[in-house]
Amino acid sequence: MTDVVVVGSLNMDLVARVARAPVAGETVSGESFETFPGGKGANQAVAAARLGAQVAMVGRVGRDPFGRTLVALLAAEGVDVRGVSDDGEGPTGVALIVVERDGGNRIVVVPGANGGLRPGDVEASVRAGLWEGARVLLLQLEVPGETVVRAAEIARGRGMLVLLDPAPAPPRAGGLAPEVARLLKAADAVLPNQLEAEALTGIAVPGPGAAGPAARALRSLGPRTAVVKLGGDGVFVDVEGEIWHEPALAVDVVDTTAAGDAFAGALAARLAAGDGWRRAVAYANRAAALSVTRPGAQPSMPRRHELEG
Ligand code: RIB
C-alpha cells in the first residue's frame, strides 16, 4: 500500500562549488565538481521515504546511464519505481548547479525526458494499482503542466490531499497561465518560496512580516492552505485563516539545494501519517534545516532517527 504518490521530475545534478558564481561574460574557477541524484520530484520522494512513508514515484528518464542510475538509487531508497518509465526518447533530465561558499545556489534545469511525462502515464500508474491506499499527492512544476493537472484532478477524485510545490516559478507575463490557475484550484495546499509566491500572486514577499498578503492571495486562487518558505527566515503558514510563523533553526549552511524538497517530502510523510498541520510543518522545518547542512540533493535528505532521536 502506498502513502504518498509523487508525480514529477528526476534529474542528474552536475554540481560545481565556487567561491562566487560568475557574472555574465565571466569565467571563474570551480573548487569541486560532483554529480548527485536530483530532480524536485525524486528528491521529495526520497525525503518522504526516508521519513517512513511508502512512496510511489511517477516520472520519466531517458534510456541512458544517468536514467538507470537515478532509478536504481530511488529503488534503493525503497521508493516504488514501477511508475518511472524510460521512454527511449530524449536524454535523462540534468540540472547544472553552481553552489557558492555560503551554500546559496543557481540552477539551470534541462528537462529532457521529464518533458515527455504525459497524463496517460499518470492514468497508467493508477490502473497499475500504484495509488492504492495513498493519502497524499505531491506535485511540482518540472514536468508538463497538463500532466500535473491530470494528476491533481485524479487525486481529488480519490479524496487525497494534493500538495503543490510550485517550483520552478511559473512565468507570469500577462497573469497566471490557465493551466497553473486550474492546478491551484485542484490543490489543497501550495508551498512556494518567496520568488514563487510573488510569481503566483504578483505580491513581493521580502520577509515574514510581508508574507500575510501573499498567503491570502494564494488561498484566494484555490488552496485552503498556503505555506510560504522564507529561507533563513523560516516559514509563514496560513491554514484556512489560522496563521503562524515557524522560525528557521540555526544551522551551519553547506548547501541549500533541495531544502524545499526536504520540506515538501517531510510534510507529505507526516500529513499522510495523520499529523495535523502545526506538527507536520514543524517537523518539515526541522527536515529542511538538517538538509542544508549537507551537500547534494538526495544525499542530504534526513532520516527518521535524525529528526526523532
Ligand atoms: O530542488 C532542487 C532540484 O532542482 C535539484 O535537485 C535539481 O535537479 C532541480 O530539479
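Whatever order the structure lists them in is the order used to number ligands and atoms, beginning at 1. Worth saying up front: this structure is predicted, and the values here are computed from it rather than measured. What's counted below: heavy atoms across the whole structure, side chains too, no hydrogens, waters or symmetry copies.
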Connected-component partners of Val15 among ILVMFWY, side-chain separation under 4.5 Å:
Phe36, Ile97, Val99, Ile107, Val109
Connected hydrophobic set around Val292, excluding itself, where side chains approach under 4.5 Å
Val251, Val253
Residues clustering with Leu195 (ILVMFWY side chains joined when closer than 4.5 Å, directly or via others):
none
Is Lys40 paired with Glu196 through a side-chain N to carboxylate O contact shorter than 4.0 Å?
no
Within the distance-only criterion (no hydrogens, no angle test), does the side chain of Thr256 pair as donor or acceptor with the backbone N or O of Gly103 below 3.5 angstrom?
yes
As a test of reading the model: which N/O atoms of the protein lie under 3.5 Å from N/O atoms of ligand 1, and at what distance?
unit_1: ligand 1; atom_1: 1 (O); unit_2: Lys40; atom_2: NZ; d: 2.9
unit_1: ligand 1; atom_1: 1 (O); unit_2: Asp261; atom_2: OD2; d: 2.7
unit_1: ligand 1; atom_1: 4 (O); unit_2: Lys40; atom_2: NZ; d: 3.0
unit_1: ligand 1; atom_1: 6 (O); unit_2: Asp13; atom_2: OD1; d: 3.4
unit_1: ligand 1; atom_1: 6 (O); unit_2: Asp13; atom_2: OD2; d: 2.6
unit_1: ligand 1; atom_1: 6 (O); unit_2: Gly39; atom_2: N; d: 3.1
unit_1: ligand 1; atom_1: 6 (O); unit_2: Asn43; atom_2: ND2; d: 3.0
unit_1: ligand 1; atom_1: 8 (O); unit_2: Asn11; atom_2: ND2; d: 3.1
unit_1: ligand 1; atom_1: 8 (O); unit_2: Asp13; atom_2: OD1; d: 2.6
unit_1: ligand 1; atom_1: 8 (O); unit_2: Gly39; atom_2: N; d: 2.9
unit_1: ligand 1; atom_1: 10 (O); unit_2: Asn11; atom_2: ND2; d: 3.1
unit_1: ligand 1; atom_1: 10 (O); unit_2: Lys40; atom_2: N; d: 3.4
unit_1: ligand 1; atom_1: 10 (O); unit_2: Glu142; atom_2: OE1; d: 2.9
unit_1: ligand 1; atom_1: 10 (O); unit_2: Glu142; atom_2: OE2; d: 2.7

Do Arg60 and Asp121 sit within salt-bridge range, that is, some charged N less than 4.0 Å from a carboxylate O?
yes
